[in-house]
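Reviewing the structure listed below.
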Number of protein chains: 4
Amino acid sequence: MDAHAPTSRARLTEAAARLFQVKGYHGTSVAEVLAEAGLPKGSLYHHFPQGKADLARAAAALASDMMRDIVGAAFEPAESPGHGVARLCEKFARLFERQPHWRACPVQALLDGPLDRMSAEAHLQAWLAATAAHLDRLGDPAPDARARRLWTLLIGAWTMARAADDPGALRAVPAMMESADA
Amino acid sequence: MDAHAPTSRARLTEAAARLFQVKGYHGTSVAEVLAEAGLPKGSLYHHFPQGKADLARAAAALASDMMRDIVGAAFEPAESPGHGVARLCEKFARLFERQPHWRACPVQALLDGPLDRMSAEAHLQAWLAATAAHLDRLGDPAPDARARRLWTLLIGAWTMARAADDPGALRAVPAMMESADA
Amino acid sequence: MDAHAPTSRARLTEAAARLFQVKGYHGTSVAEVLAEAGLPKGSLYHHFPQGKADLARAAAALASDMMRDIVGAAFEPAESPGHGVARLCEKFARLFERQPHWRACPVQALLDGPLDRMSAEAHLQAWLAATAAHLDRLGDPAPDARARRLWTLLIGAWTMARAADDPGALRAVPAMMESADA
Amino acid sequence: MDAHAPTSRARLTEAAARLFQVKGYHGTSVAEVLAEAGLPKGSLYHHFPQGKADLARAAAALASDMMRDIVGAAFEPAESPGHGVARLCEKFARLFERQPHWRACPVQALLDGPLDRMSAEAHLQAWLAATAAHLDRLGDPAPDARARRLWTLLIGAWTMARAADDPGALRAVPAMMESADA
DNA sequence: CATGAATGAGGCTTCATTCAT
DNA sequence: TATGAATGAAGCCTCATTCAT
């Protein structure tokens, strides 16, 4: 009702998205999600009748929407495909540095837990499609292949960044996009 | 003791490596590991006094050794860096197709569970170093950068292959290594 | 208020009577009752301030009234005690066949849940008394004993019918009433 | 191992049989069963991997065996069918008086909870068969019909005894067996 | 009067681990 | 050494009920 205070459902979804991303679906208890959201025990099943699995689906949808927004915010002011790629990688590097739950690759969260593979792939394809659309708009001659290449590198780099506890791998992605020797 | 029949400890480690890779550390119960290994309930703590965490460390070490062997087997008969890369990607694609637990990216398993980040990175660095050594031997002018690029792409491609339920992404990696436009 | 459309209270009572009879008081949740009645979550406590226990009392009263009506409908057109008994047993057999919730013996429902034993016995005595009155009117020489005998057999036969998934036991009651050898 | 101290499994089964008979399957919590058996929380699933439903099956089997023993003990010393019937009813009346959990009709317990109908009927048929065998041995001319009649009356009488809080109904069964006018 | 949201106690079950044999 | 039994904390979920609107 109140547009300013987030609803209980939204708080649960946000808390779940954060926790599942860092600790995984099985590594996160619903009690933790409720505590993170600041809600009492019984309030989960009112908003998510299917329980934890429902929560995972909502969290994945939220993460997917956020990712689409981040891609949009990175590419919209860009003046060239390369500029957009650089902006996106830098955004991810800063998220990695500043927000603990962004240290885990958001794509991995889609593949853990009860989200069926088809839904996970649909989310991933949405990100690829959004990226390709921006690349196309900016004049990239092969937007689909470039988007796929970019995301392949991003996922791998994110995993390496996490293992190294350093966002350097994410910042190295633009150079890897430009040349075969980087 | 018997060098031909796998010992109980080895069977536990192998079962754990398989299960942790697919379902994650928190998604796998010790009961499942014991069932997969075909061993009785009480036998875990004889071989792994620290319990599940011990098992995770042993499983990671086993997976790491296997990966080093796979890299070696791919690069040793290779006649050029590109040939080695192609052989490695094809090996991974076939593992993905033929063995269910290889559908999950083996690097991800290092980042779940109680393995400390330093150990996970050490395993990953070992794979990078082994790959770089082979590339160097085969005459690659920038073996470290190429190894890093290869593994970044492999990790990303593996994740995409899993989401798509198709090893095509892994087979596309060699082309991505060669040119900035692939 | 509307005499033609059943009120919310009546729909709740009927739903509860049906469900408690089949699944028992503890086996039925208030959410199920509300769903069966097609009413929203919050509406129970407007009609039954004491909640589930209140509902159980109303359901028992409703079942008791229905039973008295069934006994009346069976015996009123009867031309002899035996005819009335036969009609009553046949009615029960048909209810058993046609309405799922009549597969469970209605007397059992009185003994589960928060209905105090005195109330349960009062309902049962009312059925016995109604039956005895009809038998007396039809000229039975020992109406009380015959009513008691009839209901003892009916309760047992109903239980057997349910276990056998066959109303035959109910249809066998009239013969058991007539002779010691049936 | 020790033949004198009942095993944990036996204590659980006995506790469950008692509690399910009085309070019903849904009205009894596993915590209550464990408390009644004097065992800690985790010990149920070691002996009954399927949990509460398994416990219900074991409890029904135990109750069924006990009933067969009671029937045997009543009829073996009997000198005639009528004598056996009288002894059985008196035994049940005394159980009703002396042991709280025998106030509930043991047949009803078979029809509550997860025991499938076929199993419930099998138990009931076993009691009928045991009773008929004894009646036959004692010279009853129609043992099957008489056994069926006896159990129909017993089940009904037990229910009435419970409602009345008085075992009189059970003690009235022999007379009902003998004559159509009782 | 009517209702969706909220609430926390308690339900059943699984867990990793320890113990007695 | 090897193992089935034991253990209780913690897991997810359902429950009957109350409340704010």
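In what follows, chains carry the letters A, B, and so on, assigned in the order in which the sequence lines appear, proteins first and then strands, with residues in each chain numbered from 1.
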Inset, instruction - Would you check, one step at a time, whether the test side-chain contact (heavy atoms from CB on, under 4.5 Å) holds for L12(B) with F48(B)? - result: CA-CA 9 Å; L12(B) 279 169; F48(B) 296 95; 3.9 Å; yes
Legend entry - Neighbours of DNA chain F within residues 16-27 of chain B, by heavy-atom distance under 4.0 Å: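 Here the set is empty: none.
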Using side chain to side chain donor-acceptor pair (under 3.5 Å) as the criterion, list what pairs up with [X], not counting sequence neighbours.
{"X": "D69(D)", "answer": "none"}
{"X": "R103(D)", "answer": "D165(D)"}
{"X": "T159(A)", "answer": "Q108(B)"}
{"X": "E14(B)", "answer": "none"}

Legend entry - By side chain to side chain contact (heavy atoms under 4.5 Å, CB included) - contacts of A109(D) (at least two apart):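 In terms of side chain to side chain contact (heavy atoms under 4.5 Å, CB included), with neighbours along the sequence ignored, A109(D) is linked to no residue.
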Legend entry - Residues in side chain to side chain contact (heavy atoms under 4.5 Å, CB included) contact with P100(D), at least two apart in sequence or another chain: none
Selected nucleotide, minimal atom distance to [X] side chain, candidates [options]:
{"X": "V30(C)", "options": "dA6(E), dT17(F), dG11(F)", "value": "dT17(F)"}
{"X": "H47(C)", "options": "dA2(E), dA6(E), dC13(F)", "value": "dA2(E)"}
{"X": "Y45(A)", "options": "dT18(E), dC12(F), dC12(E)", "value": "dC12(F)"}

Inset, instruction - Using heavy atoms to find the nearest nucleotide of DNA chain F for L34(C) and R9(D) separately, return the residue whose nucleotide is more 5′. - result: R9(D)
Inset, instruction - Would you mind telling me which residue lines up with the more 5' stretch of DNA chain F, E32(A) or G51(C), judged by nearest nucleotide? - result: E32(A)
Inset, instruction - Scan for salt bridge (Lys or Arg N to Asp or Glu O under 4.0 Å) pairs involving residues 42-51 of chain C, sequence neighbours excluded, and state none if there are none. - result: none
Legend entry - Inter-residue atom distance S8(D).OG - R11(D).CZ, 0.5 Å rounding: 6.0 Å
Per-pair distances, 0.1 Å, donor-acceptor, side chain in residues 57-66 of chain D, under 3.5 Å, sequence neighbours excluded:
residue: R57(D); atom: NH2; partner: D54(D); partner atom: OD1; Å: 3.1
residue: S64(D); atom: OG; partner: H123(D); partner atom: ND1; Å: 2.9
residue: S64(D); atom: OG; partner: W127(D); partner atom: NE1; Å: 2.9

Could you list, one pair per line, each protein nitrogen or oxygen that sits under 3.5 Å from a nitrogen or oxygen of nucleotides 7-9 of chain F, together with the distance?
residue: dG8(F); atom: N7; partner: G42(D); partner atom: N; Å: 2.7

Legend entry - Rounded distance in Å - CG (D54(A)) to P (dC12(F)): 15 Å
Donor-acceptor contacts under 3.5 Å from residues 31-40 of chain C side chains, at least two apart:
residue: E32(C); atom: OE1; partner: S29(C); partner atom: N; Å: 2.9
residue: E32(C); atom: OE1; partner: S29(C); partner atom: OG; Å: 3.4
residue: E32(C); atom: OE2; partner: K23(C); partner atom: NZ; Å: 2.2
residue: E36(C); atom: OE2; partner: R18(C); partner atom: NE; Å: 2.9
residue: E36(C); atom: OE2; partner: R18(C); partner atom: NH2; Å: 3.3

Legend entry - Base-paired stems that DNA chain F participates in, counting runs of 3 or more Watson-Crick or G-U pairs under 3.5 Å: E:2-21 with F:2-21
Inset, instruction - Please state whether the phosphate of dA10(F), meaning OP1 or OP2, lies under 4.0 angstrom from any side-chain nitrogen or oxygen of S29(A). - result: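 No, outside the criterion.
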